[in-house]
Amino acid sequence: MSDVIYLDNNATTMVAPEVVEAMLPFFGDMYGNASSMHSFGGQVGKYIAAAREQVAALLGAHPEEIIFTSCGTESDNTAIQSALLAQPDKKHIVTTRVEHPAVLNTVQYLEKRGYKATYLGVDAKGRLDLDELRAAIRKDTALVSVMYANNETGNMYPIPEIAAIAAERGVLFHTDAVQAVGKTPFSLADMPVNYLALSGHKLNAPKGVGVLYARKGTPVRPLLKGGHQERGRRAGTENSPYIVGLGKACELAGKYMNEERTRVRVLRDRLENGLLERISDCIVNGDTENRLPNTSSIAFKYVEGEAILLLLDEHGICASSGSACTSGSLEPSHVLRAMGVPFTFAHGSIRFSLSRYTTDGQIDAVLRVMPSIIARLREISPFAAHARQMEQAGKDACEGCGNARICGQ
Amino acid sequence: MWDYTAKVREHFLNPRNVGAIEDADAVGEVGSLACGDALKLYLKIDRESDRITDAKFQTFGCASAIASSSALTELIIGKTLDEALKVTNKDIAEYLGGLPKEKMHCSVMGEEALAAAINQYRGKSVGDGQHGGKIICRCFGVTEETIRRAIRENRLATVEEVTHYTKAGGACGMCIPEIRRILEEENGAGTDGKLVELKPVSKKKMTNIQRMQLIMKTIDEEIRPRLEQDGGDIELVDVDGLSVRVALRGRCTSCPSSQVTVKNLVEQTLRDHVDQDIVVEEVGA
């Protein structure tokens with residue numbers, strides 16, 4: 001699989017070689033427990049402290065505000081639980097319909113346990129209406145939770161503004177920043193965010209490590225109870241190799257941030273514009289004005305996403321889809337549905353997500369094979385001929401057309 | 001990633017008999033763009049021998065949908081119509097060396113299209129549904145007949161299996177109680193562990209206040225959460241005996257299927273939970 005073209009970096013990323021190198025000693029001689037009294041273990045603690053500083057530096061936070069966890073999902077769960085347990089008289093959560101399942105399913109679970117939730121809708125481009133947010137906050141709202149960037153479309157939400165609205169109303173604010181960290185620069189010093197979740201494997205650290213940022217003075221109620229690790233905010237022996245790796249990954253992310261905003265963005269735009277030029281009947285999902293520089297979600301009409309992915313796979317190209325068939329569900333993704341993307345497009349949605357390791361040659365390869373993949377599937381599809389017929393005869397062609405029933409238009 | 005057999009992959013990458021037959025003797029269509037998969041099957045039939053001399057297909061769908069269509073054409077070319085009608089979704093799946101259970105509906109789609117084409121050729125009305133008859137799942141347009149046939153041919157025992165095979169119940173989930181009822185009728189009570197959860201509609205006569213409270217509770221707990229999933233909402237305007245007036249809000253107001261929603265989702269749910277004779281009417285906002 002050496003010639004794989006990996007354009008699925010919003011799913012997971014390659015562990016950076018520098019990160020692997022930084023981790024290796026902790027699988028070898030440096031196996032001590034950071035909490036031990038002896039210097040053999042204690043020396044590991046120093047590396048963990050250094051990693052904490054590296055993470056804090058990337059986020060514009062203080063090291064003591066960084067809590068190491070096992071993943072983004074754990075961080076999201078801890079943040080939401082903390083806000084609720086610390087304010088037992090408040091039973092209401094405001095979030096969005098386009099959150100990652102780590103937040104969405106957690107809030108839905110809480111609804112079954114007696115909490116109330118408001119899910120903010122989005123417009124056709126996936127944008128929130130901040131007036132709707134203002135109106136949704138109630139006296140008993142314990143937490144507002146809005147993602148920094150959406151994993152499927154790459155849409156970025158105005159977190160500084162949203163955090164300010166929550167702060168003004170005296171409501172705690174959490175952001176799931178798993179997709180944003182390392183791809184777009186921001187500083188928590190500039191915005192009143194209470195909690196932030198990040199995940200190691202989305203920024204070239206390994207799977208199995210994450211961070212919960214909790215602003216000084218913000219309540220934290222540990223999900224895992226036990227030892228005193230992470231100053232009593234997350235029990236369990238520190239995962240020292242992974243924490244050290246995540247620290248290194250954050251340092252690298254800071255160093256290469258500009259590359260994401262420049263070279264990676266140029267590659268993404270070349271891919272997206274190239275596909276739109278070469279292939280008819282496709283649209284970009286999301287808010288192209290406010291988007292991560294690495295993500296492009298494109299919907300191809302008349303064809304189905306899983307079939308596209310499998311044909312891409314034949315060329316060693318990795319991407320993902322918001323279509324129903326890939327997930328085993330029968331409906332397109334909740335994000336595309338929340339945006340009201342017509343089902344005629346949603347079933348053929350493909351997400352390409354690039355990284356700083358993506359090359360010009362890889363983009364060329366996708367631009368080379370994608371038009372023929374779509375053409376091939378459209379040849380098989382009953383709707384392609386129909387589309388041609390429509391073009392020739394105009395809209396009236398629907399009247400009495402043999403395809404009218406299955407077309408659904 | 002799906003664990004497709006080599007044969008599924010092969011038929012997906014090199015599908016047999018793709019295309020349209022311009023002067024086809026029969027055409028069968030199932031599915032739609034909105035549903036996520038659709039199959040249009042064309043047949044050439046020799047009138048003398050009643051034999052399928054050629055079959056071609058056009059399919060919109062995932063790898064297993066394309067492979068199932070390809071397999072279907074290979075299975076039926078050369079068969080008489082009566083022989084072809086004996087080809088079931090199981091034969092299609094077996095021909096391909098099996099399909100993931102979540103993808104069985106792709107093979108059922110093949111069987112459906114074949115039945116539709118042959119019915120058309122024989123001049124039988126196919127109704128507005130796939131096999132004709134009452135539509136159970138509005139989201140995917142699945143009829144009672146299709147569900148019953150899938151249950152019988154594949155010995156399905158649970159709602160989940162019915163969804164895997166027919167897609168029915170796979171979106172909003174409102175038809176799940178009806179699917180349970182059909183399963184119960186086909187298999188006899190007690191085969192599905194979930195059947196015991198089925199609450200019989202109470203025969204006890206309710207007071208007006210009790211009925212009104214139950215209507216409000218049902219709207220709050222059963223109906224509104226479903227609508228909210230699609231960005232809609234509902235308001236109870238008035239209750240007069242068995243007549244319930246509601247207004248749809250949010251995204252529902254602009255949804256072309258709001259009439260369907262009122263009848264099938266709101267009315268059916270209230271009938272299931274409150275009283276069989278409830279009539280729901282939508283009033284303007």
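A/F383 and B/A38 make their closest contact through CZ-CB, 3.7 Å (heavy atoms, listed as atom of the first residue, atom of the second, distance). The shortest non-hydrogen separation linking A/P382 to B/K40 is CB-CB, 4.2 Å. Nearest heavy atom pair, residue B/P15 against residue A/I380, reads CG-CD1, 3.8 Å.
Between B/F60 and A/L377, the closest side-chain pair of non-hydrogen atoms is not below 4.5 Å.
The distance from the SG atom of B/C62 to the CG atom of A/L309 is 11.0 Å, given to the nearest 0.5 Å. Expressed to the nearest 0.5 Å, how far CD1 of B/I66 lies from CD of A/E304 amounts to 8.0 Å. The CD atom of A/E306 sits 3.5 Å away from the NZ atom of B/K103 when rounded to the nearest 0.5 Å.
Judged as a salt bridge (Lys or Arg N to Asp or Glu O under 4.0 Å), the pairs with a partner in residues 12-26 of chain B (not counting sequence neighbours) are, in order, B/E10-B/R16, B/D23-B/K44, B/D25-B/K44. Contacts classified as salt bridge (Lys or Arg N to Asp or Glu O under 4.0 Å) and involving residues 56-73 of chain B (residues at least two apart or in different chains) are not found.
Looking at A/E111, neither its backbone nor its side chain comes within 4.5 Å of chain B, counting heavy atoms on both sides. Both the backbone and the side chain of B/T163 come within less than 4.5 Å of a heavy atom in chain A.
A donor-acceptor pair under 3.5 Å links the side-chain atoms of A/R376 to the main chain of B/L13, judged by distance alone.
The 12-atom threshold is not exceeded at NZ of A/K116, counting heavy atoms of other residues, nucleotides or ligands nearer than 6.0 Å. Surrounding NZ of B/K217 are at most 12 heavy atoms belonging to other residues, nucleotides or ligands under 6.0 Å away. Around CE of A/M14, the count of heavy atoms belonging to other residues, nucleotides or ligands within 6.0 Å exceeds 12. Shown here is B/N14, whose CG atom has more than 12 heavy atoms of other residues, nucleotides or ligands within 6.0 Å.
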